[in-house]
Asker: 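Starting off with a structure, shown below.
Proteins come first, then strands; the chains are lettered A, B, ... in the order of their sequence lines, and each starts at number 1.
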2 protein chains.
Amino acid sequence: MSQTTIQSGLSGPQYDAWLGYHAALPGANDTARKAAPLWSKRVEVQEQHEVMDTALTELSQGLGKLYGVQPEMIKSQTQGSQQNERGPAIRLGTWAGSDFAANVLTDAERAAVHGEGFIIREDESQRELVIGSETPQGILYAVFHLLRELTLKQEGAEAGAAAVAVATESQPERIVINEQPVNSLRMINQWDNVDGSIERGYAGRSIFYENGEFTQDIGRIRDYARLLASTGINAVAINNVNVHRKESLFLTERYLGDVAKVAAAFRAYGIRLFLSANYASPIEVGGLQTADPLDEQVREWWSIQTAKVYAAIPDFGGYLIKADSENRPGPFTYNRDHADGANMLAEALRPFGGLVIWRCFVYNCKQDWRDRSTDRARAAYDHFKPLDGRFADNVILQIKNGPMDFQVREAVSPLFGAMEDTNQIIEFQITQEYTGQQRHLAFLVPQWKEVLDFDTYAKGKGSEIKRIADGSLYQRPYSGFAAVSNIGADACWTGHPLAQANLYGYGRLGWNPDLSAEQIADEWVRLTFGHDEQVVERITGMLLSSLDIYENYTAPLGVGWMVNPDHHYGPNVDGYEYSKWGTYHFADRYGIGVDRTVKSGTGYTSQYHPENAARYESLETCPDELILFFHHVPYTHVLHSGKTVIQHIYDTHFEGVEQAEALAETWRELEGKVDPVIYSKVAELQAEQAEHAKEWRDMINTYFYRKSGIQDEHARKIY
Amino acid sequence: MSQTTIQSGLSGPQYDAWLGYHAALPGANDTARKAAPLWSKRVEVQEQHEVMDTALTELSQGLGKLYGVQPEMIKSQTQGSQQNERGPAIRLGTWAGSDFAANVLTDAERAAVHGEGFIIREDESQRELVIGSETPQGILYAVFHLLRELTLKQEGAEAGAAAVAVATESQPERIVINEQPVNSLRMINQWDNVDGSIERGYAGRSIFYENGEFTQDIGRIRDYARLLASTGINAVAINNVNVHRKESLFLTERYLGDVAKVAAAFRAYGIRLFLSANYASPIEVGGLQTADPLDEQVREWWSIQTAKVYAAIPDFGGYLIKADSENRPGPFTYNRDHADGANMLAEALRPFGGLVIWRCFVYNCKQDWRDRSTDRARAAYDHFKPLDGRFADNVILQIKNGPMDFQVREAVSPLFGAMEDTNQIIEFQITQEYTGQQRHLAFLVPQWKEVLDFDTYAKGKGSEIKRIADGSLYQRPYSGFAAVSNIGADACWTGHPLAQANLYGYGRLGWNPDLSAEQIADEWVRLTFGHDEQVVERITGMLLSSLDIYENYTAPLGVGWMVNPDHHYGPNVDGYEYSKWGTYHFADRYGIGVDRTVKSGTGYTSQYHPENAARYESLETCPDELILFFHHVPYTHVLHSGKTVIQHIYDTHFEGVEQAEALAETWRELEGKVDPVIYSKVAELQAEQAEHAKEWRDMINTYFYRKSGIQDEHARKIY
């Protein structure tokens with residue numbers, strides 16, 4: 001199964017990820033060639049554009065792998081070819097740049113998509129496939145989409161050499177595809193540091209930096225851009241939101257040349273580059289005495305510096321800012337608010353069409369654990385809601401999916417639906433900081449789906465978070481997704497090979513939040529492992545059950561945070577209980593949970609619109625899985641499930657371990673059916689997870705048994 | 001008050017520590033000069049010896065500081081001067097090298113001391129002071145002792161310029177001193193790494209190494225040697241017992257030249273240099289396939305390598321070994337025991353008179369917390385007791401004072417008194433790993449005194465640990481003290497200026513374990529801060545109460561370990577509860593403590609001789625302060641004090657905070673009365689301690705209140 005990718009020396013199934021296109025098995029080429037559609041032998045294009053060139057290369061390589069023969073590439077600068085002269089081919093182009101698109105597609109077809117959207121249409125005789133879009137980016141997305149669809153339809157192609165024969169009979173049905181990305185901004189955040197480390201990275205060192213310099217291996221960055229673009233990503237911030245001294249210099253001559261090279265690698269795949277910027281740059285880099293956003297010198301400094309950035313990178317995306325958060329500098333230092341801070345940067349970026357992406361992860365990280373009135377969950381809403389309407393139109397707030405910090409289970413952020421007059425994007429965390437750090441299996445798409453489908457009732461029923469994120473509910477000009485990447489220099493990119501599914505799934509959801517977790521899992525498994533039904537069923541099953549399993553043996557019922565401090569791996573029930581981080585469970589001998597009600601707690605529930613506020617406020621209607629997030633209850637409190645809280649804790653933890661063991665078992669059934677390198681890696685990780693799940697089980701159960709004194713109904717072993 | 005020391009560029013009261021000799025205050029010189037004894041103007045010596053030279057330099061400098069005038073130094077190589085020719089002078093020499101010692105001192109006087117012991121005798125007319133010893137080392141100790149006594153007698157000399165006048169009337173009484181060190185080995189262990197870090201160091205970087213090389217600043221090492229020698233230290237191991245790859249090379253040409261330079265600095269102060277060695281050196285350094293102690297090649301490798309070490313350092317002390325401990329290699333790898341391992345090294349060292357110092361800190365550091373039968377406290381005894389009599393005569397076991405690891409309170413190690421036929425030294429920890437890390441004040445001498453005075457009953461009543469450590473109980477050839485140093489490159493050496501008292505006190509106790517904690521504290525305060533009675537009383541009081549205060553607000557009743565993992569600073573009740581380190585408290589909603597009884601627990605109590613075994617076994621006779629070390633009891637268990645365990649916890653924690661605040665308060669009374677740099681440093685640290693003690697109080701009290709549900713009798717604030 002070995003094969004090469006376009007740019008990098010690295011190769012092999014784990015590196016190719018979902019873009020292997022089931023490279024021909026031994027002896028399969030002839031069969032595959034016979035199964036090839038007529039149009040697959042030739043590609044015609046009339047335009048010259050960097051992204052279009054990328055699309056052509058991808059198309060050529062993809063078809064080559066799928067059908068064993070590279071298509072002939074016909075490039076012509078002239079338009080005006082007659083329809084009746086056309087032989088079998090793929091013809092692709094933009095509305096403006098190609099007469100294929102202009103002539104073959106109808107006005108109505110063209111009007112149906114815009115920007116990065118695209119049309120793929122096969123004619124009746126299956127001799128011609130036309131790909132059209134308003135933009136070269138759209139063409140690139142179309143190519144990846146086409147190749148994905150062809151791979152997914154290549155039923156049985158990977159089940160073994162014999163099965164490839166099936167392909168001869170399974171001519172693709174007539175292809176008509178019409179796709180429009182739902183979110184305009186589909187962004188990835190790299191938390192990479194220039195020293196080569198990655199904050200919360202679990203897949204090796206950075207592919208961007210080493211030892212304080214940019215990497216020389218641009219090939220690897222291009223390969224990454226390719227993976228991202230294939231799922232629909234169109235923006236990337238290439239450095240950690242915690243911007244240290246050295247990364248502050250990315251905006252200066254010291255590094256701008258390097259940044260421009262990386263921008264070029266992403267540009268070829270239609271991805272705009274952003275930089276995380278240090279709010280105190282005017283001081284740290286500019287040598288000014290202040291970073292006050294209302295100070296004229298500061299504003300001027302940002303304007304001049306931003307102009308330099310655009311001189312080096314004309315399509316630079318803008319700045320991603322973490323300000324006044326976890327000891328980062330920000331406008332609070334100068335008694336200004338976040339609108340002042342963000343708008344000042346917006347002004348500097350506006351002449352160039354740049355954006356300010358301003359994170360809302362602002363809270364008191366030096367809380368006294370003895371102070372029960374402060375509630376970290378309230379913080380983002382309390383800080384930002386009053387500023388609604390004050391942000392410039394090229395400012396976007398980036399809001400984490402939940403009010404705390406990427407726990408396996410928490411409520412959704414009430415800021416979604418609270419700021420009608422402000423651009424918002426939702427931030428997810430692909431890297432598994434609190435969800436097993438790519439040593440445990442946790443397919444996160446189901447969690448993201450739950451958040452996206454959550455109805456805020458902001459404008460009545462049907463005000464789902466996905467409609468706020470995509471800008472449609474409030475008709476906002478900017479909208480979308482951001483997420484913290486899970487990749488590193490690891491050979492499989494993501495530490496755990498199956499964690500690739502999270503990166504893939506994030507991109508796909510950003511393109512279309514209505515895709516189901518099941519469909520995404522199925523796509524990813526088939527693209528990565530082929531169509532062997534046992535393989536597909538087993539791995540899809542593993543993925544879709546994984547997050548529930550992880551939740552079962554870790555912190556119960558939405559309370560979160562029972563992890564070791566700092567590195568966040570492994571169980572530690574009181575790990576954050578007496579800390580400054582605002583993350584407590586308040587377990588005593590009688591009960592556990594955080595009272596966030598209006599009636600007797602921190603009042604956090606009032607930040608939701610009335611329908612949700614009422615549901616969470618009441619013990620009767622609060623969903624079981626969030627009961628300890630919203631309420632402090634006795635261990636004997638009976639859940640809707642009919643179990644007491646304590647019995648639920650015991651049961652889920654015993655069950656979670658059994659499930660983790662079953663995951664390992666299931667995987668072992670696949671030996672010989674998946675790539676051997678991937679097989680061993682996953683087998684090792686699943687064995688570790690099964691073992692480590694016992695640590696979780698025993699520590700959590702013991703902690704609560706010692707504290708509550710309540711016996712397990714089934715008298716299982718608790719220490 | 002600024003003054004210079006002999007070797008180093010650094011100076012000032014905090015750097016001079018207890019060797020400032022109350023450098024003359026402005027205008028005080030004349031008065032001091034008048035008060036000078038007749039003999040202080042001239043020093044006569046007949047021998048040439050490096051250590052003797054050091055003694056002369058110290059004497060000259062010390063007298064100069066004390067009396068404002070440097071004495072005339074008369075060196076003569078010829079013996080035979082007539083008694084009646086002698087004018088006022090200090091005359092010093094060894095039995096063999098000087099006719100002062102031979103002629104003036106009587107046979108009986110000379111017979112009363114030997115080796116490093118010494119005599120100081122002033123004649124009736126106070127015109128002559130004779131210092132004699134069998135060895136130059138003895139002369140050096142005598143000089144430091146004399147200078148100390150003179151400084152301590154210089155009443156009022158530092159209370160201000162006016163008070164110096166008192167010195168004129170306080171001629172020293174006739175001096176007759178006869179001192180013999182009780183312990184033959186009085187050793188310091190540096191846990192310094194060649195990268196410049198110090199394991200468990202809280203006073204800056206290493207003074208020995210930086211960036212993988214030996215320091216160029218030998219002056220600082222000499223200053224340290226001087227401090228050590230002044231308290232009686234005669235041995236030092238200069239690298240961490242956890243010997244990493246690079247330090248393994250200390251035995252080789254790569255570093256031996258550097259080691260020899262450091263050895264020279266210590267030699268001038270009569271201190272022998274040891275190296276911590278990696279048990280796996282034959283593999284790591286020698287390139288052999290094994291480190292099996294019974295392998296001929298291995299034995300030969302050690303012999304050859306050791307010969308190389310002695311070629312570079314003829315008075316090299318020997319090897320300090322941490323084997324089969326906390327992941328260090330050792331003989332267990334080859335199914336050999338520790339006698340095999342130690343004896344193999346002993347054989348290599350014997351031709352040169354070298355010693356093997358073999359640490360007994362051997363336990364299972366990968367324990368499963370769920371396993372209640374394994375007891376780390378048992379480990380050293382279980383490992384080593386069966387080997388009694390099997391160790392070569394130049395092997396010494398180094399045994400930590402307690403069976404766990406330098407907690408603020410734990411039982412004494414039952415290995416003391418268990419190995420009649422084995423050389424043993426006791427290991428203390430001067431560096432405050434678990435006792436506040438030189439940010440909290442903790443004068444450790446009272447703890448060490450308790451241990452030393454502990455009666456093991458090994459040979460019936462009166463078998464105190466100090467008599468085992470000094471070799472007298474079993475008439476062992478080697479005996480003594482070892483301790484982990486608390487110094488670093490910090491300007492005051494020890495992070496907290498008052499932590500100097502621990503280094504001083506350790507040296508003094510090693511010389512004479514019968515000194516009281518009160519006397520040592522008084523000595524140190526007067527030597528460091530002078531004789532102002534308020535200063536002496538306040539600081540002595542702070543020192544002597546400090547350990548009880550620290551114990552009050554930290555882990556209660558001997559159970560230990562309620563600290564943050566890894567770095568060991570700050571409260572974390574469950575920090576080690578579910579860990580692999582064998583360090584648990586087993587608190588549940590009913591009670592707390594480790595059952596180490598024979599009757600129902602781990603059987604650890606049986607490791608003591610019957611008198612102590614019975615005392616600890618029974619709840620009735622077990623001392624309160626160790627109750628949770630030996631027993632698991634309900635929170636409602638009533639202590640001998642009449643309080644319940646839970647009320648004791650609450651009371652001591654509230655009291656501890658008040659006491660910590662009082663420490664800060666007391667210190668603030670001394671503003672203007674002590675050196676301003678030291679004043680500010682301590683004031684800041686005591687304020688921090690007072691604040692941090694509240695964290696301890698609240699976390700511990702809250703933890704136990706939440707768990708027990710029992711109210712504080714006095715209804716104080718618990719969270």
Asker: Do the side chains of A:T644 and A:H637 get nearer than 4.5 Å, heavy atoms only?
Answerer: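 Not in contact.
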Asker: At a heavy-atom distance under 4.5 Å, which candidate from A:E577, A:R706, A:K717 has the highest pair count against chain B?
Answerer: A:R706
Asker: For A:T702, which atoms come within 4.5 Å of any heavy atom of chain B: side chain, backbone, both, or neither?
Answerer: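 Both the backbone and the side chain of A:T702 come within 4.5 Å of chain B.
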Asker: Ring of A:Y590, cation from B:K707 - is the NZ or CZ under 6.0 Å from the centre and inside 45° of the axis?
Answerer: no
Asker: For the residue pair B:Y578 and B:W369, does the interplanar ring angle fall in the parallel (under 30°), tilted (30 to 60°) or perpendicular (over 60°) class?
Answerer: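 B:Y578 and B:W369: perpendicular rings.
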Asker: Can you tell which part of B:D698 gets under 4.5 Å to a heavy atom of chain A, answering side chain, backbone, both or neither?
Answerer: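 Backbone plus side chain of B:D698, per the 4.5 Å heavy-atom cut-off to chain A.
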Asker: When you measure from the centre of the six-membered ring of A:F629, is the NZ or CZ of A:R596 under 6.0 Å away and within 45° of the axis?
Answerer: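 Positive - A:R596 is close enough to the ring of A:F629 and near enough to its axis.
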Asker: Do the ring planes of A:F586 and A:Y584 sit parallel (below 30°), tilted (30 to 60°) or perpendicular (above 60°)?
Answerer: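 A:F586 and A:Y584: tilted rings.
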Asker: Between B:E713 and B:K643, does at least one N-O distance fall below 4.0 Å, as a salt bridge requires?
Answerer: no
Asker: What's the spacing between A:Y650 OH and A:R697 CZ if we round to 0.5 Å?
Answerer: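 Going from OH on A:Y650 over to CZ on A:R697, the span is 13.5 Å.
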Asker: Name, in order of residue number, those residues of residues 552-568 of chain B that have a heavy atom at a distance of less than 4.5 Å from a heavy atom in chain A; otherwise write 'none'.
Answerer: none
